[in-house]
Amino acid sequence: MPLAAIAYETERPQANTPHFAPKQPVASLSKVTRRYGGTVALDGLSLALHPGEVVALLGPNGAGKSTAVKLLLGLIAPTSGTARVFGSDPREATTRTRVGAMLQVARITEAIRVREHIDLFSSYYPNPLPLAEVLRVAQLEGIEDRQFGQLSGGQKQRVLFALALCGNPDLIFLDEPTVGMDIEARRALWQHIRSLSAQGKTILLTTHYLEEADALASRIIVINKGRVISEGTPAEIKRSSGGRTIRCKTTLSKEFLQALPGVTNVGIRDGIANVTSPEAESVLREMLRSDSTLSGLEVASPALEDAFLALTKN
Ligand code: ADP
Ligand code: MG
């Protein structure tokens, strides 16, 4: 497991409504299909965001993540199915003042200064944050008078983040917010996202990094080819991706190993077996009982990225 995932394990943001299950989602897609010409970007996809949650929409490139975000922002309409934000159609102007977004392909005028961009965006909202606070939170102090076009890639990303939060919205969409960032900038942005969550904001974040979803989200929705393929807490997602792999030298046959309860995959090569199971301990106990010559034992957790590949393959 990468260090980042371990370091943040204890700080995982929780939904801010632990005592009751909220009835009304803040935002939802119900059986939404969205086509672009002959391409089906979303295929009967349903999802719901509850107050105070940080949900990660996780999937490979082309899975439909940005399409889902654009539908919830009312930038595009579903081909069929329903999008709802605060109980209304997201294309209605009233919902927009409660929503902030950081989009992948944001059209930002290059010749305008950072502070002017923030002032302009803030003017769309009834209760925007003070400029100084936005600059501080997005770490733009000292570069507020530079033109957007003169900034580095990471600085531009931070401006986009500032534009997402400057209106003090209740619901924030972050579409691949850390793409192209180095590890330090990514960690810093993770920390900012956590602090928004601690203020009770509802956040939908898209990413193709399982590590990022694991570090930030209270719930992960894995999508591929426009459909939900898995949904749960980060721990559940990692478990459902196959569990751990037992590797050892054994005389046990492939057929025997495959028949053990809880085994999801078996490979044997040159007398070395690789046995994958979400219940590695009980499988291992059974193997040791059945083969007293078993040797060279290793038990490994899948790398997060391998777990993700296992989930999204086919
Ligand atoms: P992701 O954000 O997960 O990478 P997208 O939602 O951007 O996925 O895209 C989903 C699918 O829809 C892809 O096959 C993509 O090529 C297609 N697509 C997205 N936007 C358009 C568009 N404007 N015109 C045509 N096809 C599109
Ligand atoms: Mg995208």
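Both ligands and their constituent atoms are indexed starting at 1 by order of listing. Keep in mind it's a predicted model, so treat the numbers as computed, not measured. All residue numbers refer to positions in the sequence shown, counting from 1.
Residues Thr245 and Asn274 bring no donor and acceptor atom of their side chains to less than 3.5 Å of each other.
With hydrogens and angles disregarded, a donor-acceptor distance shorter than 3.5 Å links the side chain of Asp291 to the backbone of Thr251. Proximity of a side-chain donor or acceptor of Thr178 to a complementary backbone N or O of Arg186 within less than 3.5 Å is not detected. Although no hydrogens or angles enter the test, the distance criterion places a donor-acceptor pair under 3.5 Å between the side chain of His192 and the main chain of Val137. A distance-only check finds no donor-acceptor pair linking the side chain of Thr33 to the backbone of Thr79 [under 3.5 Å].
Partners of Gln155 by side-chain contact (heavy atoms from CB on, under 4.5 Å), not counting sequence neighbours, listed by chain and number: Ile143, Arg146, Leu151, Ser152, Arg158.
For the side chain to side chain donor-acceptor pair (under 3.5 Å) condition, the pairs that include at least one residue of residues 81-93, sequence neighbours left out, are Asp89-Arg91.
Put simply, Ile220 and Val179 are part of two different groups of oily side chains (I, L, V, M, F, W, Y) that touch within less than 4.5 Å, one to the next.
Look at Arg187 and Glu184 and you find no salt bridge, because none of the NZ, NE, NH1 or NH2 atoms lies under 4.0 Å from a carboxylate O.
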If you look at each N/O of ligand 1, which protein N/O atoms lie under 3.5 Å away, and at what distance?
residue	atom	partner	partner atom	Å
ligand 1	2 (O)	Ser66	N	2.9
ligand 1	2 (O)	Ser66	OG	2.9
ligand 1	3 (O)	Ala63	N	3.1
ligand 1	3 (O)	Gly64	N	3.0
ligand 1	3 (O)	Lys65	N	2.9
ligand 1	3 (O)	Lys65	NZ	2.8
ligand 1	4 (O)	Gly62	N	2.7
ligand 1	6 (O)	Thr67	N	2.9
ligand 1	6 (O)	Thr67	OG1	2.5
ligand 1	8 (O)	Gly64	N	3.1

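Excluding waters, the set of protein N/O/S atoms under 2.8 Å from the Mg ion (ligand 2) reads Ser66 OG, Gln104 OE1.
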